[in-house]
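The analysis underlying the following values was restricted to heavy atoms, covering all of them including side chains, and did not include hydrogens, waters or symmetry mates. Not measured: the values here are computed from a predicted model. Quick note on labels: first sequence line is chain A, next is B, and so on, each numbered from 1.
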Number of protein chains: 2
Amino acid sequence: MSTTAKVIEKLSKKRLRLWLQLLRANRTTENQLRENMRLTFDCTLPRFDVLSALDRYRDGLRMSDLSAKLMVSNGNVTGIVDRLEAEGLARRISVDGDRRAMRVKLTEAGIARFAEMAAEHETWVDTLFATYSAAELDTLTALLSRLEEDKT
Amino acid sequence: MSTTAKVIEKLSKKRLRLWLQLLRANRTTENQLRENMRLTFDCTLPRFDVLSALDRYRDGLRMSDLSAKLMVSNGNVTGIVDRLEAEGLARRISVDGDRRAMRVKLTEAGIARFAEMAAEHETWVDTLFATYSAAELDTLTALLSRLEEDKT
DNA sequence: CCAATTTATTTCAAGTATAAAATTTCAGGC
DNA sequence: GCCTGAAATTTTATACTTGAAATAAATTGG
């Protein structure tokens, strides 16, 4: 095998290794946060994610914007918003000028509930990521952000 | 607010930012791989993950080892292995000496199928992670591996 | 104007995922 | 030998997730 081929092979292995590590890092963190969320607030991660997005956009978000931001399917968001509505944490408002669209907003109860959750959530993340220095946090964030670049 | 408090606040924000970025990186990659896997092999990611683990341990794995390695629940693995068995890619073998346990192994068809998939999968990962140099791959892998340290 | 296409959302079927309960078996102590 | 508790797996109920089909409304090109 040529020297070039060996380098390519090595790079390929390193990439695979990184992907598996990324997957593990994600699962470890999600599993911890899920358990904390369930035990402390009887809430799932998907619900929290939706609440978080809605809290950030207080004017509300279209269903399709919500699914785009969370990078999940449209049908998925429908179900989660249904449940949040049933719990009184969010509500759908019809958009005037477009009778197909729906704007989802937090209720007052939703805003209050999310505030409690977000505060605790932050402390959990602080614990889980305590191993990193400020510089390492910046490095990791910057490197990971490159994965999202356009692949079209 | 004191100077110390400001630094802590900043760190906290950086940690949250990293967590969100990690989540996005993971979703971007998974969504791409899922689609490729579905279009090319009509296979889901969870199935591929199980095949991958079984390929690595050709003698077979206990159900509980499998769920531990993949960091998913026991009940979850039961269902995926059921489907892989139905497709003729894996099979359960009783462990002698312990009638509670099951050893899951790839079938010949499973070994062959996985080999095809793994080859393609590697090229997809190569493309998705092409943005990183060898040094960056090592840095990322090393930093992410720190998340798995004991938190008990 | 109007047929054809596109867009926003929901519905549906199948698969994935968890936590908790249920089964079955094993292992030790008495 | 029997009992108690632990271990391996499955089952169950519920929720999440996807991709595709369905619905309904908006937009566009002729």
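Within the 4.0 angstrom heavy-atom criterion, base atoms lie near Asn74(A).
You'll find that the side chain of Arg34(B) is closest to dT18(D), out of dT18(D), dT10(D), dA15(D). Nearest to the side chain of Ile80(A), among dC26(C), dT17(D), dT16(C), sits dT17(D). For Ser73(B), taking side-chain heavy atoms from C-beta onward, the closest of the listed nucleotides dA8(C), dT18(C), dT11(D) is dT18(C). Distances were taken from every side-chain heavy atom of Arg92(B) (C-beta onward) to each of dT9(D), dA25(D), dT10(D); the shortest belongs to dT10(D). Relative to the side chain of Asn76(B), the nucleotides dT9(C), dA8(D), dT16(C) differ in distance, and dT16(C) lies closest. Picking from dG15(C), dA15(D), dT9(D) the nucleotide with the shortest atom distance to the side chain of Arg47(B) gives dG15(C). Closest to the side chain of Arg99(A), from the set dA26(D), dT9(D), dT10(C), is dA26(D). Considering only side-chain atoms of Met102(A), the nucleotide from dT10(C), dA8(C), dT18(D) that sits closest is dT10(C).
Side-chain N/O atoms of Ser12(A) and Glu122(B) include a donor and acceptor closer than 3.5 Å.
When each of Glu35(A) and Thr44(B) is assigned the nucleotide of DNA chain C bearing its nearest heavy atom, the one mapping closer to the 5' terminus is Thr44(B). Ranked by how close their nearest DNA chain C nucleotide is to the 5' end, Asn31(A) and Leu61(A) are led by Leu61(A). Nearer the 5' end of DNA chain D, as judged by each residue's closest nucleotide, is the contact made by Leu45(A), out of Arg38(B) and Leu45(A).
Ring to ring, Phe114(B) and Phe48(B) are close: their centroids are under 6.0 angstrom apart.
No more than 12 heavy atoms of other residues, nucleotides or ligands sit less than 6.0 Å from atom CZ of Arg17(B).
No donor-acceptor contact under 3.5 Å links the side chain of Arg62(A) to the base of dA8(C). No donor-acceptor contact under 3.5 Å links the side chain of Arg100(B) to the base of dT24(C).
Ion pairing between a basic and an acidic side chain is recognised when a charged N comes within 4.0 Å of a carboxylate O; Lys69(A) and Asp49(A) show no such pairing.
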